[in-house]
K.L.:
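After the structure tokens below, expect a handful of questions from me.
Worth saying up front: this structure is predicted, and the values here are computed from it rather than measured.
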Amino acid sequence: MKLPKTTLILILLTLGLGSFVYFHEIRGATVREETKEQKQQIFSFREDDVQSLTVTTKKLTLNLERNPESSNHKWLIKSPVSGPANDAIVSYLMDLLVKGNSERTLSTPAKDLKEFALDQPLATINITLKNRQSHQLILGKSNFNGRFLYAQADPAAKPDGNINVLLVSTDFANAVNRELSEWKQPVDNSQKLPPLTIPKPTPTNSK
């Protein structure tokens with residue numbers, strides 16, 4: 001039986017609408033949920049939980065410790081020099097550690113670490129909490145499009161022998177790739193300037 005043209009059009013529209021609902025609402029919701037599950041927070045501690053940090057790059061190893069005297073500088077450099085740290089610089093790194101997310105987690109054999117430059121990392125950040133627990137973040141190279149860094153958080157092999165490689169923000173590279181002078185508290189030069197003195201005019205002899 002030949003269907004009227006208008007009926008055939010309605011059937012095709014109904015099928016098309018059904019496909020759209022399935023792929024956009026049902027299948028799309030599943031994909032969005034999978035993506036949401038992949039994007040996870042790197043660490044679960046809070047900033048106030050952190051007692052000390054050790055940042056190791058190819059340039060230096062820096063030890064930072066929370067200042068027990070909260071009325072003064074919040075962070076202190078313990079080595080390679082001693083003195084107050086630049087609180088803004090340390091806070092920038094702390095914010096990434098506390099709030100940073102992993103965009104994706106890759107399960108890969110441990111022998112493939114060198115493919116992500118995690119065998120000779122860009123930087124290693126060791127975190128010690130006030131309760132004596134410790135955490136570690138290892139930063140490798142950028143991914144293929146330069147949008148993220150490969151990283152490991154608290155690296156450990158899984159039962160199948162693989163390891164988890166994270167994709168994290170490149171802001172981590174900006175946070176740790178600094179000269180020692182940048183980590184130090186800036187010097188207030190205004191306090192070192194001698195007071196301005198106006199020379200007195202030399203009296204002249206009148207004849």
K.L.:
When you compare the side chain of Ile77 with that of Leu64, does any pair of heavy atoms fall below 4.5 Å?
P.N.:
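Leu64 vs Ile77: side chains touch.
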K.L.:
Which atoms form the tightest heavy-atom contact between Tyr150 and Phe144, and what is the distance?
P.N.:
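Nearest heavy atoms, Tyr150 then Phe144: OH-N, 4.3 Å.
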K.L.:
Looking at Lys74 and Glu69, does any basic side-chain N land under 4.0 Å from a carboxylate oxygen?
P.N.:
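No, Lys74 and Glu69 are not salt-bridged.
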K.L.:
Regarding Thr108 and Asn162, is there a side-chain donor-to-acceptor distance under 3.5 Å anywhere?
P.N.:
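No, no side-chain donor-acceptor pair sits under 3.5 Å.
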K.L.:
Work out which heavy atom in Pro121 is nearest to a heavy atom in Thr124; give both atom names and the distance.
P.N.:
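Closest approach of Pro121 to Thr124: CG-OG1, 3.6 Å.
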K.L.:
Within a radius of less than 6.0 Å around NZ of Lys99, do more than 12 heavy atoms belonging to other residues, nucleotides or ligands occur?
P.N.:
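Counting neighbours around NZ of Lys99, 12 or fewer heavy atoms of other residues, nucleotides or ligands fall under 6.0 Å, so no.
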K.L.:
Using every non-hydrogen atom in the two residues, find where Ala85 and Gln185 come nearest and quote the distance to one decimal.
P.N.:
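It is O-OE1, 3.1 Å.
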K.L.:
Quick one: which of Val50, Asn67, Asn86 gives a side chain to side chain contact (heavy atoms under 4.5 Å, CB included) with Trp75?
P.N.:
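Testing each of Val50, Asn67, Asn86 against Trp75, the sole residue satisfying side chain to side chain contact (heavy atoms under 4.5 Å, CB included) is Val50.
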K.L.:
In terms of heavy-atom contacts, does CD of Glu182 have more than 12 from other residues, nucleotides or ligands at under 6.0 Å?
P.N.:
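Yes, enclosed.
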K.L.:
Quick check on side chain to side chain contact (heavy atoms under 4.5 Å, CB included): which of Thr128, Leu97, Ile127 does His135 satisfy it with?
P.N.:
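Between His135 and the candidates, side chain to side chain contact (heavy atoms under 4.5 Å, CB included) is satisfied uniquely by Ile127.
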K.L.:
Just wondering, do Thr170 and Arg147 contact through their side chains at under 4.5 Å, heavy atoms?
P.N.:
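No - every pair of side-chain heavy atoms lies 4.5 Å or more apart.
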K.L.:
Of the non-hydrogen atoms in Ser102 and Leu166, which two are nearest, and what is the gap between them?
P.N.:
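Closest heavy-atom pair between Ser102 and Leu166: OG-CB, 3.5 Å.
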